[in-house]
2 protein chains.
Amino acid sequence: MTRPPSRKATSQDVADLAGVSRSAVSLVLNGRGDGNIAPDKQAAIRAAAAQLEYEPNPSAVSLRSSRTRTLGVVTDAIASTAYGGDLLRGASEAAERSGHLLVLVDTHYEEQREADAYRTLRGRRVDGLLFAAMSLREYAVPEAATGVPFALANCYDPAAPQVPAFVADEVAGGRAAARLLLDAGHRDVVLLAGARDAVASTLREDGVRAELAAAGHALRTVETGWEISDGVAAATTVLTGPDRPTGLVCANDRVAVGAVLAANRLGLDVPGDLSVVGYDDDAALAAPMVPALTTIALPHRQIGEAAVARVLDDLATDPSAAGGARRTGHGTVLVPCPVVVRDSVAPPRRRASRQRAGSPSR
Amino acid sequence: MTRPPSRKATSQDVADLAGVSRSAVSLVLNGRGDGNIAPDKQAAIRAAAAQLEYEPNPSAVSLRSSRTRTLGVVTDAIASTAYGGDLLRGASEAAERSGHLLVLVDTHYEEQREADAYRTLRGRRVDGLLFAAMSLREYAVPEAATGVPFALANCYDPAAPQVPAFVADEVAGGRAAARLLLDAGHRDVVLLAGARDAVASTLREDGVRAELAAAGHALRTVETGWEISDGVAAATTVLTGPDRPTGLVCANDRVAVGAVLAANRLGLDVPGDLSVVGYDDDAALAAPMVPALTTIALPHRQIGEAAVARVLDDLATDPSAAGGARRTGHGTVLVPCPVVVRDSVAPPRRRASRQRAGSPSR
DNA sequence: CTGAAAGCGCTTACAG
DNA sequence: CTGAAAGCGCTTACAG
């Protein structure tokens with residue numbers, strides 16, 4: 001009891017207090033007491049452990065087990081985006097449930113840092129590895145990431161389709177976005193498509209086009225960027241041009257905000273004169289927007305959860321995994337995108353004459 | 001050389017390959033070779049280490065040194081916000097520079113999770129601890145956070161002023177925001193103040209008011225929330241009421257976006273008819289907005305960096321810190337908020353008659 | 001049913 | 001200048 005309070009108790013301290021050996025302490029605290037240790041001694045051990053607030057030294061446990069109960073997460077920039085946090089949240093909750101902790105390295109898109117990140121993490125002897133992308137993209141799994149259970153979140157490697165990868169079902173999301181407008185009665189839809197070099201925009205466009213086509217309608221597409229300003233510019237062009245559409249599907253919520261902004265500046269009301277569908281369900285933008293944005297959510301949290309679950313599963317399945325996982329072909333899994341209905345979609349107003357600019361509807 | 005490639009090399013492997021003892025390997029690789037080990041043997045050891053890609057097992061090192069080279073970060077929700085990422089980025093870069101890694105636990109504002117978070121992290125024997133708040137607030141340092149170097153980022157404990165705390169200088173930020181408008185020639189300024197219960201809004205308001213007062217002007221204040229929709233509502237009221245101001249200081253960029261939205265709906269141009277200053281320099285909003293928002297940036301990255309540097313410093317200073325830090329009174333440090341000039345502020349238009357709604361200025 | 005011993009991989013006195 | 005030994009805290013065969 002003269003142990004200074006600042007020093008953490010060891011199993012020896014517990015053994016001394018309970019009057020048993022360290023082995024007994026270990027057995028009991030690891031649930032292998034029954035049949036090995038007398039019940040009263042078990043109770044004494046537990047009591048001593050509780051009194052001393054004993055927690056096994058993880059370095060010692062790791063040294064013995066060659067497991068660190070730690071998962072490495074390398075991300076391209078995910079800690080710097082609002083919805084990236086959701087992915088991390090799903091991941092860390094899944095990890096925590098099984099007693100694992102996440103160690104995060106953010107590379108901010110710098111190639112050099114990425115190589116270092118894997119090296120650092122492997123050096124730390126993480127039990128598994130994850131690469132999480134800020135937004136959907138292709139990703140070439142580097143050599144440094146192999147030899148340990150590994151999964152991809154929000155990205156996939158076309159050259160290594162057997163690597164477990166968890167991505168949003170963007171095509172279905174695009175279909176859902178179009179369906180929202182179709183169900184409200186829109187026929188005349190333009191897609192503010194985002195940047196063409198992003199795979200998400202291509203996939204979403206495929207979905208929107210397919211759904212519209214199935215209903216017998218053509219789709220007009222305008223390539224944009226991903227920012228509010230891109231939405232303003234593109235929407236201004238579309239809304240002042242010929243054949244003004246009654247509905248807009250936007251590449252993401254930021255573009256949708258830009259579209260609303262542009263509409264307002266032109267004296268057009270959303271959703272009265274124009275319906276707008278966003279994408280992402282960005283917490284800072286979609287719900288708080290006026291009008292609140294109807295949008296397609298990205299299942300980032302589930303993606304994070306599923307990716308960690310997979311790594312943990314591989315770890316449990318393959319006892320030798322910590323030293324070099326063998327993976328069999330499993331491939332990419334598509335996680336559905338929930339539809340979030342709010343206030344930016346309404347039936348198209350009967351097209352009479354062009355709405356007069358300058359009569360804001362509220 | 002028959003070592004399977006999946007097994008990581010140990011110092012024994014290196015010693016065998018170099019033909020020396022493990023001690024020699026340790027000495028050389030830890031920079032204490034000179035004067036102890038013959039130069040040619042040193043070279044042999046380094047070569048062997050490189051060839052085997054030897055990396056010391058961190059569990060073994062930790063067990064011996066009782067240092068994990070790991071810092072625990074508990075956050076209230078920081079991983080779920082865009083600018084929270086900046087804080088984490090600053091923190092992890094500072095940590096990395098000295099060979100430390102960050103382990104992050106996000107509590108999502110759940111009290112219970114917070115207690116668990118500290119417990120988990122302490123159980124992992126982190127060398128130091130940080131609490132990082134998503135936005136400026138007071139924070140009662142819990143018992144579980146003591147006994148190890150500790151710092152607060154983006155928050156402070158009024159009951160424990162000696163705890164190192166790093167926060168933005170919001171008063172100076174508020175002054176700077178007002179100064180921007182004053183310098184452009186505005187006299188008639190309204191503050192869309194955010195929620196009154198937040199300490200940031202109070203501090204910013206003090207700054208704005210002080211700067212205006214020093215110039216001989218009064219300040220009108222409207223309490224709002226923090227979201228786009230709050231900005232829309234408040235700005236609509238202010239802009240349609242008597243004594244329409246020529247300049248608006250907004251509690252944050254989201255409110256500023258709402259203010260611009262409201263102005264546009266009323267047919268008012270920003271910055272032609274109304275100047276708007278934001279706060280936060282939110283990456284998704286400020287620069288991409290149309291017009292790009294002039295705003296006051298939050299120095300989140302520096303805050304994260306400084307907090308980690310402080311913990312690391314305490315760790316280095318106090319050799320017994322890992323087991324129970326003794327801290328002397330240091331208190332809170334204010335980090336300045338940079339001014340970011342973009343396009344949402346202009347000189348006030350000579351007040352003639354009210355600008356006609358419905359003539360968008362571009 | 002229980003305790004003594006070995007060993008995970010490292011570093012640091014301590015002998016030679 | 002170098003190697004053998006001890007020990008960090010744990011768990012798991014292995015004797016008793």
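Each chain gets a letter, A, B and so on, in the order its sequence line appears, and its residues count up from 1.
- Listed by chain and number, the residues in a side chain to side chain contact (heavy atoms under 4.5 Å, CB included) with B/A15 are B/Q12, B/V20, B/R22, B/V25 (sequence neighbours excluded).
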Please tabulate, for side-chain N and O atoms in residues 32-39 of chain B, each donor-acceptor pair with protein atoms closer than 3.5 Å (sequence neighbours left out).
unit_1, atom_1, unit_2, atom_2, d
B/D34, OD1, B/Q42, NE2, 3.1
B/N36, ND2, B/R32, O, 3.0

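- The residue among B/K41 and A/V25 whose nearest nucleotide of DNA chain D is located toward the 5' end is B/K41.
- Remark: DNA chain C forms stems of 3 or more consecutive Watson-Crick or G-U wobble pairs, all pair distances under 3.5 Å, at C:1-3 with D:14-16, C:5-12 with D:5-12, C:14-16 with D:1-3.
- The stretch residues 137-149 of chain B participates, sequence neighbours left out, in these salt bridge (Lys or Arg N to Asp or Glu O under 4.0 Å) pairs: B/D76-B/R137.
- Considering only residues two or more places apart in sequence or on other chains, A/R69 meets the side-chain hydrogen bond (donor to acceptor under 3.5 Å, both in side chains) condition with none of them.
- Put simply, chain B comes within 4.0 Å of DNA chain C, heavy atom to any atom, from C/dG9 to C/dT12, going 5' to 3'.
- Every residue meeting the side chain to side chain contact (heavy atoms under 4.5 Å, CB included) condition with B/A95, not counting sequence neighbours, appears here in chain and number order: B/L71, B/H100, B/L102, B/V308.
- Taking both residues in full, the closest heavy atoms of A/R125 and B/P58 are given as CG-CD, 3.6 Å, listed atom of the first, atom of the second, then distance.
- Partners of B/Y139 according to the side-chain hydrogen bond (donor to acceptor under 3.5 Å, both in side chains) rule, which considers only residues two or more places apart in sequence or in another chain, are B/E114, B/Y118.
- Only A/G35, A/N36, A/I37, listed by number, bring a heavy atom of residues 28-37 of chain A to less than 4.0 angstrom from any atom of DNA chain C.
- For B/T120, there are no side-chain hydrogen bond (donor to acceptor under 3.5 Å, both in side chains) partners, not counting sequence neighbours.
- The side-chain hydrogen bond (donor to acceptor under 3.5 Å, both in side chains) check on A/T68 picks up A/D127, with sequence neighbours excluded.
- Residues that satisfy the side chain to side chain contact (heavy atoms under 4.5 Å, CB included) test with A/A160, not counting sequence neighbours, are A/D157, A/Q162, A/V163.
- Note on A/S11: only backbone sugar-phosphate atoms sit closer than 4.0 angstrom, heavy atoms only; bases stay farther off.
- Residue-level contact check: A/A24 touches neither bases nor backbone, having no heavy atom under 4.0 Å from any strand.
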